[in-house]
Structure formats: C-alpha cells, structure tokens
Amino acid sequence: MSQLTSRRAFLGAAAFRENSNIVRPPGSVVPGFSDQCSKCGDCVEACPESVIVIGQDGYPVFQPTEGPCTFCGSCAQSCPTDALDIERLQDWPWRASVEAVSCLSVNGVSCRVCQDNCEQNVISFRLQLGGRADPSLDLDACTGCGSCTVSCPVNAVTLKRQTISQTEVSQ
Ligand code: SF4
Ligand code: SF4
Ligand code: SF4
C-alpha cells in the first residue's frame, strides 16, 4: 500500500469513528479521539456528576444516568492527553432528539417528563387530535446536558450530533 493510500485509509477510519453515535466527553477532539485517548480513566474520576463511564470499547463515553452534565470542565482539565480540551467545551455538538415512534405522548399516553426535567425550557408539546401531543424542541436553547435522556421512561430521547439539516423529532 502506498503512503498516500495508507493515509487515505487512516483518515477514512477516523471519519468512520467520528460518524458513530458514540458521545465522547465534553471537549473531545473530533476526528481522532481514539488516537489521542490513552484510556486512563482520569476523566471518569474527575466528573462530579458521574456522567462519564468507560464504554464497551474501553474509551470514555458521556452517559448521564442520574443528572445532567453541568459543563464544569473538570473532565477536560483532568485529561493528560489532547483527547479532551477545555477550549472545546463550547463546541459540544450534541442536542436532544425525540424518537417519535417510541414517545408516549406521540402515541396518546399523557407524559411530559422530559419537558419537566429540562431547565432550559427546550421542550414543548403541540396538541393533536385523539389525545396525542407532538414534542417540539427549541434546539438553539438546548445545551445537550442529557437530563431529558435520563428522565424519559421509554428511552425515547437521545443526544444526536447536530448537523445543518437536523430535524428536531426523528420518525
Ligand atoms: S463538564 Fe463537568 S459535569 Fe460535564 S462531563 Fe465534564 S466533568 Fe462531568
Ligand atoms: S482523561 Fe483523557 S486520555 Fe484519559 S480516558 Fe479520559 S479522554 Fe482518555
Ligand atoms: S439536553 Fe438538556 S437542555 Fe437539551 S432538551 Fe434535554 S434537558 Fe433540555
């Protein structure tokens, strides 16, 4: 394999990893997180909110289970490599997304748990016929803190990497 071909293969692999839905800790470098991270676990220990765990691949993942990320930056400050950088905290690309097919409210069951747990008032509901209500998200106000993902009783809310054509409710 030529040097150029092997570099293309390397960049392709990095891009593939970047396109995954794995949410790395705030301040993570993209692409190439797994090339920079030494799997030391310091960010897991540093997080006062316990929203970082070691994932199945051995690398840290952002996984709120009790409360939201406060974006305090302790994880990034603890990182001994370039995998996390506090300067990148403001570039957090993840925003809430509601999967309509699973959402109780969309399916006619009264539920506003995600709305009640969002301090940013991102989530509202539009009443529909038949007792249904469709969630509507103000993504400009969403911080990607993850509180709504934890609170949803049917795991209908996830964090999605924001893109230009992102829609607020996935079908
Ligand atoms: S920014 Fe703070 S609260 Fe958020 S994951 Fe990092 S250490 Fe935890
Ligand atoms: S502190 Fe940095 S190098 Fe260590 S596991 Fe976390 S991201 Fe990886
Ligand atoms: S991620 Fe945080 S700010 Fe965004 S909708 Fe969920 S609770 Fe609200």
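Numbering of ligands and ligand atoms starts at 1, following listing order. Keep in mind that what you see is a predicted model, and the values were worked out from it rather than measured.
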- [ ] Go through the steps for Val51 and Phe62 under the test side chain to side chain contact (heavy atoms under 4.5 Å, CB included), then give the verdict.
- [x] CA-CA 6 Å; Val51 298; Phe62 180 75; 3.7 Å; yes

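- Linking Ile, Leu, Val, Met, Phe, Trp and Tyr whenever their side-chain heavy atoms come within less than 4.5 Å leaves Val150 and Leu104 in two separate clusters.
- Atoms of ligand 1 lying under 4.0 Å from at least one heavy atom of Ile52, given by number and element, are 5 (S).
- Each of the atoms 1 (S), 2 (Fe) of ligand 1 lies under 4.0 Å from some heavy atom of Gly73.
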Open item on the list: Could you walk me through whether Asp57 and Ile22 satisfy the side chain to side chain contact (heavy atoms under 4.5 Å, CB included) test, starting with their C-alpha distance in whole Å, then the side-chain angles of each, then the deciding distance to 0.1 Å, before giving a yes or no?
Closed with: CA-CA 10 Å; Asp57 58 3; Ile22 299 174; 4.0 Å; yes

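- Here Cys114 contributes atom SG and Leu137 contributes atom CG; the two are 7.5 Å apart, rounded to the nearest 0.5 Å.
- A distance of 7.0 Å separates CG in Leu159 from SG in Cys142, rounded to the nearest 0.5 Å.
- The nearest protein atom to atom 2 (Fe) of ligand 1, hydrogens excluded, is given as Cys72 SG, 2.2 Å; this is a heavy-atom distance.
- Near Phe71, with a cut-off below 4.0 Å to any heavy atom, the atoms of ligand 1 are 1 (S), 4 (Fe).
- Under a 3.5 Å cut-off, the side chain of Arg88 and the backbone N or O of Pro26 do not form any donor-acceptor pair.
- Using a 4.0 Å heavy-atom cutoff, Pro48 is listed among the residues neighbouring ligand 1.
- Proximity annotation for atom 5 (S) of ligand 1: of Leu89, Val51, Ile86, Val51 comes nearest, heavy atoms only.
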Task: Worked check of side chain to side chain contact (heavy atoms under 4.5 Å, CB included) between Ile123 and Cys148 - done: CA-CA 9 Å; Ile123 306 172; Cys148 52; 4.2 Å; yes

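- Atom 4 (Fe) of ligand 1 has Cys69 SG, 2.3 Å as its closest protein atom, hydrogens excluded (heavy atom only).
- In terms of protein heavy-atom proximity, atom 8 (Fe) of ligand 1 is nearest to Cys47 SG, 2.3 Å.
- The two residues Leu139 and Ala96 make their nearest non-hydrogen contact at CD2-O, 3.5 Å.
- Defined by atom type and a distance below 3.5 Å, a donor-acceptor pair is present between the side-chain atoms of Arg112 and Ser105.
- In this structure, Ser78 OG and Ile52 CD1 are separated by 7.5 Å, a value rounded to the nearest 0.5 Å.
- Under 4.0 Å from ligand 1, heavy atoms of Cys75 appear from its side chain as well as its backbone.
- Contact between Val101 and Asn107 at its shortest, heavy atoms only, is O-ND2, 3.2 Å.
- Here Cys152 contributes atom SG and Gln115 contributes atom CD; the two are 13.0 Å apart, rounded to the nearest 0.5 Å.
- The contact set between ligand 2 and Pro80, taken as ligand atoms under 4.0 Å from a residue heavy atom, comprises 1 (S).
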Open item on the list: salt bridge (Lys or Arg N to Asp or Glu O under 4.0 Å) for Asp91 and Arg161? Distances and angles first, verdict last.
Closed with: CA-CA 11 Å; Asp91 299 332; Arg161 187 183 292 277; over 6 Å; no

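- Neither side chain, Gln77 nor Ser74, offers a donor N or O lying under 3.5 Å from an acceptor on the other.
- For atom 4 (Fe) of ligand 3, protein N, O or S atoms under 2.8 Å: 1 in total.
- Against a heavy-atom cut-off of under 4.0 Å, Pro26 is close to the following atoms of ligand 1: 5 (S).
- No donor-acceptor pair closer than 3.5 Å links the side chain of Ser147 to the backbone N or O of Gly67.
- Listed by chain and residue number, the protein N/O/S atoms under 2.8 Å of atom 8 (Fe) of ligand 2 are Cys37 SG, with waters left out.
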